[in-house]
2 protein chains.
Amino acid sequence: MSDLVTRLRRHNWRITPQRRVIAETLEGSHVHFTAEQILERAVERMPELSRATVYNTLNEMVALGEVLELTLDGRSKRYDPNADHEHHHLICEGCGLMKDVHAMADPVDWLPGDERHGFSVTRASITYRGLCPECRTAAAEGAQA
Amino acid sequence: MSDLVTRLRRHNWRITPQRRVIAETLEGSHVHFTAEQILERAVERMPELSRATVYNTLNEMVALGEVLELTLDGRSKRYDPNADHEHHHLICEGCGLMKDVHAMADPVDWLPGDERHGFSVTRASITYRGLCPECRTAAAEGAQA
DNA sequence: ATCTTGTCTTAGACTTAGTCTAAGCTAGGA
DNA sequence: TCCTAGCTTAGACTAAGTCTAAGACAAGAT
């Protein structure tokens, strides 16, 4: 039983077969998929599922606050079913691999009052960038050659 | 004289009239424009300027490291001519207004070694989100009504 | 001064990601 | 059972960005 489905049901949200497949696809993986990748995988389980339903459903889950929408590469949005606990993201600039990470401090505490420009700041997320072990090796070999 | 143009020239980059107009448009404003907005404004000064040249030029300036590419709203990329000094971004969730801000510490220092998954982490940026003074007022009035 | 070569720019076709629309389907209440 | 509201569908549409092929231009060689 999917935990995300349980959380969604609490919002009096109708769990249709389509929505269940989408939620389970989203939660079943530990990388963050794009809408298109979710469609691709969900269609394996429910071939008549439409693109519009996937997009609608993802947007609704984001609106309910149970899924996070990430826009980190400027190409397409990615969806993160862990809307629960505070975490940040580490991205490989070589291959786009993305990991969830936890920082030792809350960045909101590090924004001085005079840098807030009168905003009420509610949350902050950190995007770390670098090279994953594989891309680092590849880069080193490339430099040698 | 544009400072960005000076920086670009240091890379032995040919400063054509088109590139100059684009660089000056980018630097002349203190908000972060999308490529389409830059095109729109640059065309006022050089009507025959093409969309492809704007996109090419922006991508080249990013590759040279003199301009930052921001993907914060998931719709379109925005360009920030201040690639120089470390800064982060504060975004209004109501109207999309974006400000540059400075934090009191470098977030790279807050990522413990065992959370780095073997990556070489080179940089980190923080996205702060909240409501700007105007949207906060509007929200309060909306709640009253 | 002209030629040559490589770079830059252009218009427009194309691609990708996502939204919208109109019609049909389905589940649950009167 | 019928009604209604909400859900799903196919496919058209839009927005952002990339690609391509051809022409324009600039700088060095002759």
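Numbered from 1 within each chain, the chains take letters A, B, ... in sequence-line order. Atom set for the values below is all heavy atoms of this structure, side chains included, hydrogens, waters and symmetry mates excluded. Just so you know, these numbers come straight off a predicted model, no measurement behind them.
Taking CZ of A:Arg41 as the reference point, atom CD1 of A:Ile22 lies at 14.0 Å (rounded to 0.5 Å).
Protein chain A contacts DNA chain D from D:dC7 to D:dA10, reading 5' to 3' and using non-hydrogen atoms of the protein with a distance under 4.0 Å.
Nucleotide C:dT19 holds its C1' atom 15 Å from the CG atom of A:Leu39, rounded to whole Å. Per the geometry, CZ belonging to B:Arg75 stands 11 Å off P belonging to C:dG18, to the nearest Å. Atom NZ in B:Lys77 sits roughly 14 Å away from atom P in C:dT16 (whole-Å rounding). Atom CZ of A:Phe33 is separated from atom P of C:dA17 by 15 Å (rounded to the nearest Å).
Remark: side-chain polar atoms of B:Arg78 are paired, donor with acceptor, to backbone N or O of B:His32 under 3.5 angstrom. Side-chain atoms of A:Thr25 do not come within 3.5 Å of backbone N or O of A:Leu39 as any donor-acceptor pair. A distance-only check finds a donor-acceptor pair linking the side chain of A:Arg116 to the backbone of A:Leu111 [under 3.5 Å]. Of the possible polar contacts, none joining the A:Glu66 side chain to the A:Leu8 backbone as a donor-acceptor pair under 3.5 Å is found.
At a threshold of 4.5 Å between side-chain heavy atoms, the hydrophobic network of Ile, Leu, Val, Met, Phe, Trp and Tyr places B:Met104 and B:Leu90 in one connected group.
Listed by residue number, B:Ala52, B:Tyr55 are the residues of residues 47-56 of chain B with a heavy-atom contact under 4.0 Å to DNA chain D.
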Identify all pairs in which a protein N or O lies below 3.5 Å from an N or O of nucleotides 3-8 of chain C, and state each distance.
| residue | atom | partner | partner atom | Å |
| --- | --- | --- | --- | --- |
| C:dC8 | OP1 | B:Arg19 | NH1 | 3.2 |

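Not counting sequence neighbours, B:His88 has no partner by the ring pair (Phe, Tyr, Trp, His ring centres under 6.0 Å) test.
Listed by first and then second residue, the ring pair (Phe, Tyr, Trp, His ring centres under 6.0 Å) pairs involving residues 114-134 of chain A amount to none (not counting sequence neighbours).
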For residues 56-63 of chain B, tabulate all N or O donor-acceptor pairs below 3.5 Å that involve a side-chain atom, not counting sequence neighbours.
| residue | atom | partner | partner atom | Å |
| --- | --- | --- | --- | --- |
| B:Asn56 | ND2 | B:Ala52 | O | 3.3 |
| B:Thr57 | OG1 | B:Thr53 | O | 2.7 |
| B:Asn59 | ND2 | B:Tyr55 | O | 3.4 |
| B:Glu60 | OE1 | B:Arg19 | NH2 | 3.1 |

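The shortest distance between side-chain heavy atoms of A:Thr16 and A:Arg20 does not fall below 4.5 Å.
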